[in-house]
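As the structure lists them, so they are numbered: ligands from 1, and atoms in each ligand from 1. Position 1 is the first residue of the sequence; numbering continues from there. Values reported hereafter were calculated over all heavy atoms of this structure, with side chains retained and with hydrogens, waters and symmetry mates removed.
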Amino acid sequence: MGRVCTAVLAGLCVLFVVAQASLECKNKGSCSECIQTPNCMWCGRSGNFTDESGQNLKRCVKRTDEGVSQWRETCGAYNVYDLANFFEMIDNFELTQAGVLAGSGSASGGGAGGSWSAGSSEAVVQIKPQRVAMQLRVQESYSMTVTFRQAEDYPVDLYYLMDLSKSMEDDKESLSLLGAQLAFEMQQITQNFRLGFGSFVDKVVMPYVSTVPEKLEAPCLGCARPYGFKNALPLTADASSFEAEVRNAPVSGNLDAPEGGFDAIMQAIVCQDQIKWRQEARRLLVFSTDAGFHYAGDGKLGGIVKPNDGKCHLDPLYNNYTHSTLQDYPSVSQINQVAKEHKMNLIFAVTAEQSSVYKELAKMIEGSGQGELTANSSNVVELVKAEYDKITSKVELKDNATAPVSIRYFSKCKSNTEKETAVCQGLKVGDQVDFRVEITVEKCPENREDWKQLIHIYPVGLRELLAIELEMLCDCACEREGNAGFIDRAAECSFAGTYQCGVCDCFDNYLGSRCECGANTTIEADGTFDESSCRETNTSSVCSGRGSCTCGECTCNERDDTAERVSGKFCECTNFLCNRFNGVLCGGPDHGVCDCNTCKCKPGWKGDACMCEDSQDNCINPASGEVCSLRGDCECNQCKCSENENGRYSGKWCEDCPTCKGKCEPYKPCVQCLFFQTGELSEEECKANCSDMFNATLVPIAAEEEAGERLCSFYDENDCRFKFVYGYDENKEPVVRVQQTLECPPKLDILGIVLGVIGAIVAVGLALLLMWKVLTTIHDRREFARFEKERMMARWDTGENPIYKQATSTFKNPMYGGK
Ligand SMILES: *[C@@H]1O[C@H](CO)[C@@H](O)[C@H](O)[C@H]1NC(C)=O
Ligand SMILES: *[C@@H]1O[C@H](CO)[C@@H](O)[C@H](O)[C@H]1NC(C)=O
Ligand SMILES: *[C@@H]1O[C@H](CO)[C@@H](O)[C@H](O)[C@H]1NC(C)=O
Ligand SMILES: *[C@@H]1O[C@H](CO)[C@@H](O)[C@H](O)[C@H]1NC(C)=O
Ligand SMILES: *[C@@H]1O[C@H](CO)[C@@H](O)[C@H](O)[C@H]1NC(C)=O
Ligand SMILES: *[C@@H]1O[C@H](CO)[C@@H](O)[C@H](O)[C@H]1NC(C)=O
Ligand SMILES: *[C@@H]1O[C@H](CO)[C@@H](O)[C@H](O)[C@H]1NC(C)=O
Ligand SMILES: *[C@@H]1O[C@H](CO)[C@@H](O)[C@H](O)[C@H]1NC(C)=O
């Protein structure tokens with residue numbers, strides 16, 4: 001099926017699967033439910049039905065399931081209810097052979113009443129078998145073969161019903177002339193033929209018929225009194241009396257166009273004895289008219305309101321219809337009803353202008369046909385013959401099965417392929433056709449009386465039939481009082497139900513496999529309890545996983561520790577699943593108790609594990625008297641400081657803020673005196689003032705390690721820097737970490753520096769002096785040398801100032817030989 005279920009077909013498939021599901025055997029709660037599902041069988045064994053391992057076995061299984069033989073064995077063969085279809089032939093007489101009836105028909109001809117013995121016609125068998133009995137399970141179809149063969153010389157009754165208003169006068173003439181021919185032609189078909197004649201006009205009241213006295217006597221020239229219906233000639237084999245009766249039949253007249261033909265048809269059909277219809281004969285009722293018909297309701301025009309009762313009302317003496325003016329016309333369905341009941345074949349032989357109306361009418365009446373008459377009925381013989389042939393060349397099987405029983409017909413007719421049909425056509429007398437009849441019980445009727453039915457299958461227009469005594473297999477014997485396996489108010493069912501076929505059928509307001517539950521429980525289709533009432537929400541587990549759901553209510557589990565309890569409608573409460581403080585439930589019995597998974601604290605305690613004292617004492621800043629300095633919440637008697645953009649407030653009472661001056665200054669002298677023995681505090685003061693201030697430790701390097709800690713750094717009187725970090729421990733007590741080493745400036749050698757500087761200055765001075773000395777010496781030497789040179793020069797110009805230069809310059813040409 002999975003392959004068929006494509007996405008496109010998904011919708012259809014869902015329906016299909018749902019339909020299939022109801023056909024599954026498992027989950028059937030009773031023997032009858034199981035039996036009403038095809039191919040299922042039931043184990044009616046009393047007591048528990050379990051396998052060796054104690055596992056419950058299904059009581060209803062499919063015949064083809066695997067492990068069925070083991071199942072049968074466990075159940076015990078005589079406890080298995082595997083009802084099977086059953087078929088029995090009751091009457092199966094052979095079909096009448098051709099020629100058996102030949103000769104006997106003509107022998108009886110002549111008598112007005114006909115002398116056909118019931119016995120000879122009863123011997124005719126055209127359908128086989130005639131009576132069967134069957135027991136069927138729901139939706140397990142049973143097929144049987146029904147054979148039909150039209151017997152030769154089968155008796156035929158033909159009653160000619162004629163409209164004898166004035167316009168039909170010429171038709172009457174034709175018919176009387178053709179009567180003998182009609183009889184002759186029909187005797188060619190069957191030697192066992194009888195003919196009858198009746199006529200009708202209309203109800204003798206206004207407005208159908210003129211009730212003016214003289215018109216009543218003679219509505220038209222040469223006409224007789226009008227009348228409703230007259231059975232002029234009951235069926236007879238004597239063709240000559242037919243001729244005579246037709247000729248003698250009086251023509252009458254009426255006023256309106258439609259005639260009272262339905263009254264006549266009704267009487268002709270239901271007055272079986274007066275018309276002398278034979279039980280085993282094909283019955284032809286030829287209805288001949290040139291006008292329409294009145295039908296149910298038309299009687300009101302003439303003041304006739306009583307509906308037609310569908311019974312025979314013929315005057316025994318005059319053979320005329322006595323209730324013509326007392327009862328309304330019959331309806332079409334009444335006509336159909338009686339025609340069906342009496343296996344009548346109606347032939348409407350009407351003139352051309354009426355033929356369309358009667359064609360429609362023929363469709364509504366089972367086994368009827370319609371033919372067209374000429375104006376003076378000159379073709380009546382051909383028409384009757386043709387209609388008769390039409391009727392006999394066809395066999396149609398019908399049945400009166402109703403709703404849950406469906407019957408399908410299949411036949412090859414005269415071809416080689418079987419198709420679903422209830423009609424075979426083109427048959428000749430003596431042709432045999434087989435029908436395969438498939439009978440299915442769709443479902444078991446609610447009403448037990450309807451489980452047994454008598455169904456008739458009959459060929460249309462014939463009295464013969466196949467009777468089926470059908471019994472539907474809808475329950476098991478063990479479900480009926482007085483049989484084994486049935487115990488009323490059984491102990492097995494908590495005395496609140498009937499034990500049948502191994503299971504309990506609980507009384508109203510009791511449910512459960514042993515009727516142990518009250519009616520408030522709902523049970524699912526598969527027989528399990530609806531556990532939704534055991535779930536707190538539709539997603540939570542049944543009874544919160546701490547209990548079991550019985551009869552729609554939770555039974556909570558017991559605990560090994562008797563002090564522990566599970567309670568609540570959904571076992572949702574415990575007295576052991578509360579918060580713990582220091583491993584103790586709700587901080588111990590002094591603090592609170594565990595009630596439905598939450599701690600209920602005693603006075604003076606709060607918190608989800610009752611671990612907090614219900615007090616704010618520790619939160620009140622002694623300086624301001626405010627709770628947590630209004631910068632935090634007092635939780636569990638401790639301040640929880642809030643945060644601002646600069647950081648978190650700190651301090652026991654949130655008195656310290658990231659931008660506050662903080663505790664560096666107050667802590668400085670104590671840190672100094674405690675760790676470095678410096679500062680303003682003396683040893684005694686230090687002991688007195690610093691011992692409770694904080695807990696301090698020495699660390700190699702003091703640095704802020706956590707949020708809320710602050711680094712303080714100061715210089716002491718020795719210009720040494722000391723650092724410490726303070727913060728708060730979990731109890732909001734100040735904690736100080738002091739850097740163990742001071743950071744002091746290094747000591748300088750001043751004398752060295754001074755001497756060095758002096759030495760340097762002296763050295764530089766000496767060097768400068770030396771340089772000066774060297775330079776002046778060099779300069780002096782040069783000056784002396786120049787002086788010497790000048791002095792040498794001065795030998796030629798002694799007494800002259802060497803640096804004096806005369807304004808006149810005298811040149812002497814050394815070449816000038818004066819010297
Ligand atoms: C059937 O089974 C139920 C529970 O499984 C048990 O209480 C009961 O006694 C059994 N009955 C018999 C007849 O074994
Ligand atoms: C019926 O009418 C046709 C002409 O319409 C005529 O030939 C025939 O003889 C008539 N038949 C009888 C029986 O009157
Ligand atoms: C039946 O026919 C007889 C004789 O023709 C007549 O006296 C009687 O009134 C008729 N009955 C009806 C109901 O027409
Ligand atoms: C079918 O008809 C027969 C005879 O009239 C009747 O006894 C039987 O109950 C009918 N069956 C149904 C199912 O109506
Ligand atoms: C069923 O439900 C009604 C109300 O809902 C309650 O009064 C009654 O006791 C219930 N019965 C059982 C058998 O549980
Ligand atoms: C649970 O119940 C709610 C409302 O009652 C419903 O909307 C929801 O679909 C349910 N969920 C399931 C898984 O059934
Ligand atoms: C030491 O403490 C006392 C009292 O607690 C106080 O009077 C004194 O001023 C303190 N000394 C210093 C140096 O803070
Ligand atoms: C210092 O620590 C000790 C134990 O660690 C504690 O008892 C004491 O109260 C602390 N003192 C201060 C001032 O925090």
Contact atoms of ligand 3, heavy-atom distance to Asn320 under 4.0 Å = 1 (C), 2 (O), 3 (C), 8 (C), 10 (C), 11 (N), 12 (C), 14 (O)
ask   = Do the side chains of Asp431 and Gln150 get nearer than 4.5 Å, heavy atoms only?
value = no
message = Please confirm whether the ring centroid of Phe293 lies under 6.0 Å from the ring centroid of Tyr329.
response = no
note = d(Tyr81 OH, Cys34 SG) to nearest 0.5 Å is 12.0 Å
inquiry  = Using a 4.0 Å cut-off on heavy atoms, what residues surround ligand 4? Order them by chain and number.
reply    = Asn400, Thr402, Gln453, Leu454, His456
request  = Would you tell me whether Tyr227 and Ser199 have side-chain atoms, one donor and one acceptor, within less than 3.5 Å of each other?
outcome  = yes
request  = Verify the distance criterion only: is there a donor paired with an acceptor across the side chains of Glu259 and Ser165 at less than 3.5 Å?
outcome  = yes
ask   = Under 2.5 Å between the SG atoms of Cys40 and Cys60: is that the case?
value = no
query = Between Arg63 and Glu140, does at least one N-O distance fall below 4.0 Å, as a salt bridge requires?
reply = yes
Atoms in ligand 3 flagged as close to Tyr321, the criterion being non-hydrogen separation under 4.0 Å = 13 (C)
